[in-house]
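Here is the naming used below: chain letters follow the sequence lines, and residue numbers restart at 1 for every chain. The figures here come from the full heavy-atom set of this structure, side chains too, leaving out hydrogens, waters and symmetry mates.
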Number of protein chains: 2
Amino acid sequence: MVDAVEPLKARRIYLLLRERILNGALEPGSRLPGELSIAAEYGVSRVTVRRALDTLAIDGLIDRRPGSGTFVQENSSVQPIVADLSNVLSHLVEMGRRTSVRLLSFAYVNPSESVAAALGLGPGERAQRSIRVRLIDGAPFSYLVTHVPERIGVTYSEADLASMPLLGLLERSGIVVEEASQSIGATLAGPDVAEALALEIGSPLLSLTRVVWDPSGQGVEHLHALYRPDRYSFHMDLVRTGAVGARRWNPVAKPSTARPEPKKRKAEGPKSLKPKPRPVRVSNQRRTST
Amino acid sequence: MVDAVEPLKARRIYLLLRERILNGALEPGSRLPGELSIAAEYGVSRVTVRRALDTLAIDGLIDRRPGSGTFVQENSSVQPIVADLSNVLSHLVEMGRRTSVRLLSFAYVNPSESVAAALGLGPGERAQRSIRVRLIDGAPFSYLVTHVPERIGVTYSEADLASMPLLGLLERSGIVVEEASQSIGATLAGPDVAEALALEIGSPLLSLTRVVWDPSGQGVEHLHALYRPDRYSFHMDLVRTGAVGARRWNPVAKPSTARPEPKKRKAEGPKSLKPKPRPVRVSNQRRTST
DNA sequence: GCTACCTGTCTACCTTATAAGACATTTCAC
DNA sequence: GTGAAATGTCTTATAAGGTAGACAGGTAGC
């Protein structure tokens with residue numbers, strides 16, 4: 001990694017500005033505040049801001065014009081892959097893009113206490129741990145650490161894992177996968193993950209932890225996944241249900257068809273991670289067709 | 001702001017050790033190598049190692065015993081609030097905890113292009129923008145930026161917004177809220193958000209963007225929410241449905257009763273009864289800074 | 001042309017991180 | 001008890017990151 005290692009504050013500001021540019025909060029073509037304004041905003045000196053801007057310029061994210069200002073490059077906003085939460089597995093195929101997997105690690109280990117508890121393993125019981133990185137069009141976007149009870153893990157090989165989704169392997173082995181529970185959070189990239197995902201240390205990551213059970217309530221898979229938010233985000237559609245006073249949102253069970261591929265990409269500037277500001281009338285269509 | 005942000009090498013070592021602790025490579029209760037050994041291992045001075053260990057101690061991940069050694073803490077994980085995705089609004093009340101709201105900003109503005117597009121506003125059409133911070137037991141955990149079309153925003157007052165949920169206000173005003181679309185990602189805390197959430201600049205945040213429509217397909221609310229992942233995370237239970245070859249996950253429609261927070265952590269014993277795939281809370285992710 | 005504001009560049013100075021030790025104190029195995 | 005090894009607490013010195021300000025030169029609005 002070329003790294004260039006800017007010091008702390010400069011790097012932090014670099015990451016923050018980069019984030020705002022990539023997710024569209026700073027619209028392409030627009031002018032950044034002056035270096036002195038940025039310095040004041042973040043409470044640092046102008047030199048430090050300039051170091052951050054230097055790196056952004058190297059990245060090709062900004063265009064600095066002496067006398068005029070610093071501008072966000074036009075093409076710098078990126079549309080992340082969108083994973084529909086109700087259809088977690090098949091979305092990648094639907095996107096019609098090429099994904100591949102790199103298997104970083106494969107071993108039988110004594111799992112940590114939290115993993116053992118989640119899977120319902122007894123003390124001393126081992127688990128197969130694998131670490132994989134998923135790439136789309138050659139670019140890594142997820143870092144997956146899975147634990148599977150040893151007795152289940154032995155039903156497939158390391159080579160299998162490098163070429164097939166884990167859930168598919170489990171089902172091929174006759175494991176019935178029925179229920180799962182997952183939570184979503186955020187964290188920062190540590191050294192290993194940063195390198196695997198081609199990120200700077202300290203970059204933000206989406207974090208997903210999922211435990212999968214078979215019908216008997218026996219844990220069959222523990223997944224800890226980290227996603228690059230600029231390349232991957234979760235999406236879901238909701239409908240409002242329930243009587244007045246007890247209303248709540250329920251997820252829409254969508255058919256597993258592909259989402260209409262976005263044709264244009266300009267200017268949408270998805271605030272944070274909004275995948276596609278989604279044509280407003282779509283809800284109309286769906287409603288009438290339902 | 002207490003964090004003191006260790007510098008480069010110390011931070012790198014902190015992150016490395018932290019990762020090894022969190023993913024179980026360093027077993028809870030076990031002793032770390034001596035400070036001098038660690039220093040030699042990473043090629044830094046002992047002072048630097050000690051700084052990293054200081055931070056780990058503040059995080060509660062290690063226990064330093066003079067003369068004896070440094071040990072990995074047994075558990076001590078902070079449980080964040082858990083928001084069930086299918087019941088996003090009411091979970092806070094269900095938790096039986098006191099939440100309050102601080103209204104930071106309230107104004108009618110010209111929305112950014114992306115917000116205008118999401119809400120279906122015409123050019124020049126204004127929107128009411130409010131910025132609120134939610135606190136639980138006095139501790140801030142979310143930063144909410146909402147945009148509402150001006151014609152709808154005028155149906156309630158600034159004081160209303162400071163005391164009632166926005167969706168409640170909308171429904172009180174006769175707006176029928178029917179569909180929504182949201183996506184979840186991760187980002188870094190900028191200066192204003194960091195201050196509002198009592199975080200360091202550059203801390204990781206969960207990001208949620210939601211657009212709500214009425215039955216006619218007209219956008220009524222655009223929400224951009226940022227959550228402290230150490231205090232708030234999303235959770236969902238899933239079931240596997242569909243025929244072989246077209247299987248996918250579907251969310252479980254749960255009754256809106258409160259979930260007893262599972263404090264158990266051990267093997268769960270005989271789980272012959274399958275009906276309750278109770279979420280075994282996995283303390284995978286931990287706060288990273290603050 | 002005048003002016004205000006921007007980036008580019010440089011200098012001098014201060015603060016902090018890191019290194020490399022010395023030394024005290026505690027713990028634990030023997 | 002003794003001694004090895006661990007953390008806690010200093011010191012001194014060097015390196016690196018960050019600050020503050022001045023100044024040159026370009027650009028654009030008036």
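- Among residues two or more places apart in sequence or in another chain, the side-chain hydrogen bond (donor to acceptor under 3.5 Å, both in side chains) test is passed with A/Arg18 by none.
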Worked check of side chain to side chain contact (heavy atoms under 4.5 Å, CB included) between A/Phe71 and A/Leu26
CA-CA 10 Å; A/Phe71 299 82; A/Leu26 293 172; over 6 Å; no
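- B/Arg64 places its CZ atom 12 Å from the C1' atom of D/dT9, with the value rounded to the nearest Å.
- Remark: A/Thr70 is in phosphate contact with C/dT7, judged by side-chain N or O atoms under 4.0 Å from OP1 or OP2.
- In this structure, the OH atom of B/Tyr14 is 15 Å from the P atom of C/dT18, given to the nearest Å.
- The closest donor-acceptor contact from the side chain of B/Arg132 to the backbone of B/Leu104 lies at 3.5 Å or more, if one exists at all.
- For B/Ser45, the side-chain hydrogen bond (donor to acceptor under 3.5 Å, both in side chains) criterion is met by B/Thr48, not counting sequence neighbours.
- Residues satisfying the salt bridge (Lys or Arg N to Asp or Glu O under 4.0 Å) test with B/Arg50, not counting sequence neighbours, are B/Glu35.
- Take B/Leu36 and apply the side chain to side chain contact (heavy atoms under 4.5 Å, CB included) test, not counting sequence neighbours, and it matches B/Arg46.
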Show me, pair by pair, the donor-acceptor contacts under 3.5 angstrom made by side chains of residues 144-153 of chain B, not counting sequence neighbours?
{"from": "B/Thr146", "atom 1": "OG1", "to": "B/Ser130", "atom 2": "OG", "distance (Å)": "2.5"}
{"from": "B/Glu150", "atom 1": "OE2", "to": "B/Arg126", "atom 2": "NH2", "distance (Å)": "2.9"}
{"from": "B/Arg151", "atom 1": "NH1", "to": "B/Glu125", "atom 2": "OE2", "distance (Å)": "3.1"}

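- Nearest-nucleotide mapping onto DNA chain D: of B/Asp54 and A/Val47, the residue sitting toward the 5' end is B/Asp54.
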What is the per-nucleotide protein-contact pattern of nucleotides 22-28 of chain D, from the 5' end, where B denotes a base atom under 4.0 Å from a protein heavy atom, S denotes such proximity for sugar-phosphate atoms only, and - denotes neither?
B--BBB-
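- With sequence neighbours left out, B/Arg65 forms a salt bridge (Lys or Arg N to Asp or Glu O under 4.0 Å) with B/Asp63.
- Taking the side-chain hydrogen bond (donor to acceptor under 3.5 Å, both in side chains) definition, one finds that B/Asp192 meets it with nothing, sequence neighbours left out.
- Rounded to a whole Å, the CZ atom of A/Arg12 is 14 Å from the C1' atom of D/dG18.
- By the salt bridge (Lys or Arg N to Asp or Glu O under 4.0 Å) test, A/Arg20 is found to be paired with A/Glu41, residues two or more places apart in sequence or in another chain being considered.
- Overall bending of the helix from C/dG1-D/dC30 to C/dC30-D/dG1, expressed as the angle between end axes built from five pairs apiece, is 40° (10° steps).
- Here B/Ser45 does not reach the OP1 or OP2 of C/dG21: none of its side-chain N or O atoms lies under 4.0 Å away.
- Within residues 29-40 of chain B, no residue is approached by DNA chain C to less than 4.0 Å at the level of any non-hydrogen atom.
- In this entry the distance linking CZ of A/Arg50 with P of D/dG18 reads 15 Å, nearest Å.
- Per the geometry, CZ belonging to B/Arg51 stands 10 Å off C1' belonging to C/dA19, to the nearest Å.
- Checking the phosphate oxygens (OP1, OP2) of C/dT16, no side-chain nitrogen or oxygen of A/Lys9 falls inside 4.0 Å.
- When the salt bridge (Lys or Arg N to Asp or Glu O under 4.0 Å) test is applied to B/Asp54, the partners found at least two apart in sequence or on another chain are B/Arg64.
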